[in-house]
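Everything below concerns the one structure shown next.
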Amino acid sequence: MTDPKRINGFSRLTKAEQRHWLTDHFLRPEQGEELSRFDAQDETLQGVIDNFSENTVANFPLPFGVAPNFVVNGKTYAVPMVIEESSVVAAASAAAKYWMARGGFRAEVIAAEKLGQLHFRWSGHPSRRAALLPALCTRVRAQTKALTERMEARGGGVRNITWKHLPEVSEDYYQLLVSFGTADSMGANFINTVLEAYGQELRNWALDCPDLAEDERNLEVIMAILSNNTPNCVVKAWVECPISEMAIPKAGVDPHDFSRRFKYAVDIAREDPYRAVTHNKGIMNGVDAVVLATGNDFRAIEAATHAFAARDGQYRSLSQCRIDNDMFRFELTLPLALGTVGGLTKLHPLANVALDVLGRPSAHELMGVMAAAGLAQNFAALRSLVTTGIQKGHMKMHLQNILSSFNATATERTLTTERFSGETVSHHGVRAFLEGLREA
Ligand code: MEV
């Protein structure tokens, strides 16, 4: 190995050795020191964090914020949000307060089914599936009883098994599409364990099932894995009120005019994918922040959500707006395969705190709160976009970030904030003003 930047056995080095190696080959010495600056004081805690992943050379902190005044189905929540984008928590809080005064958010879980797939090749004819499936189901279920019993006691387990043929992959390609209930856990481990056991049993079935002819005994399991496409694990959240109540404090906007423009913005995102992606990104600002805070899997949620947004063949807005009989209704429907027990929800101490802040919700309850956070975020973004424009609200936080980049003191922060109040903030302008202050 001639290139010194290549290494074998990096994962076997101690953390100190890994940091040294990284610094020697890729960083300046002072940057190397930065790696240890965020270490947890508490060794046990650091051990917990180190065990989440391999090769952890540093902790990477993100702000853990709280958006209070979220009323969802009549219950008040302070919603924990982990996010780096400066305006998100402020926007969620403002939208939550706005709707608190108008009856709050409503949320309803439409379905909570998760899916897994066992992919295989088989030498039998597709028409034989209907006759063979019932006994096959009974067999795989019986053989995996020990794995599913505890989940069944919690109200979950294997729900349904279908046997699909997808000749577009190859003439002999099949899959068992298995639906699961996973109670309050996200269920990835449970689903994958059950599917792998099904795979083993499917091989046995091909070898010894008396109903199979000799030319039906060739079976090759390709893989077994959950599907992150969860179109039947869906929650709807909505807000509604008479249009006459849709006033925007201090904006001086007519409620009818505001509602009309707001609905226009949502309708554009229903029809135009370029706008829909940005619109949905705004929704995910709220959703992902709660997903992260509660130790859920944001990649799974993102993947499922965007597949859902394109389920009719065109990528569309996840939210819809209706104006009927002078009532304004704004709703969001999205898939959220979540857990409130197990996995990182239990292991990450702050995820545990976040769930405490939320009152230890069930997975269904958390789906509702998360959807409300997404809807609030969407409402806040569109409210700004169709009234003042987005930059006005962003300026305050943008300014604070620029000040941080110049290591501004508390006094410098106050003076600069006063100077730029109500004005467009630019990096260049702030630097010039700070330099002026520092030279004086
Ligand atoms: C920015 O993070 C999110 C927005 O672009 C969302 C939107 O345009 O609806 C403001």
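Whatever order the structure lists them in is the order used to number ligands and atoms, beginning at 1. Treat the numbers as computed from the prediction; the structure is a model and nothing was measured.
One finds no salt bridge joining Arg106 and Glu240 here, because no Lys/Arg side-chain nitrogen approaches an Asp/Glu carboxylate oxygen to under 4.0 Å. A salt bridge does not link Arg438 with Glu435: none of the charged nitrogens is closer than 4.0 Å to a carboxylate oxygen. Salt-bridge check for Arg260 with Asp257: passed, with a basic side-chain N closer than 4.0 Å to an acidic carboxylate O.
Contact annotation for Leu385 and ligand 1: only side-chain heavy atoms (C-beta onward) come within less than 4.0 Å of the ligand.
At under 3.5 Å, a nitrogen or oxygen of Asn285, whether backbone or side chain, sits near a nitrogen or oxygen of ligand 1. At a 3.5 angstrom cut-off on N or O pairs, Arg275 counts as close to ligand 1.
For Glu302, the side-chain contact (heavy atoms from CB on, under 4.5 Å) test picks out Met284, Asp288, His306, with sequence neighbours left out.
Close contacts between ligand 1 and Lys281 involve ligand atoms 1 (C), 2 (O) [criterion: under 4.0 Å to a heavy atom]. Near Glu85, the atoms of ligand 1 lying under 4.0 angstrom from a non-hydrogen atom of the residue are 1 (C), 2 (O).
Ring-centre distance between Trp21 and Phe26: below the 6.0 Å cut-off.
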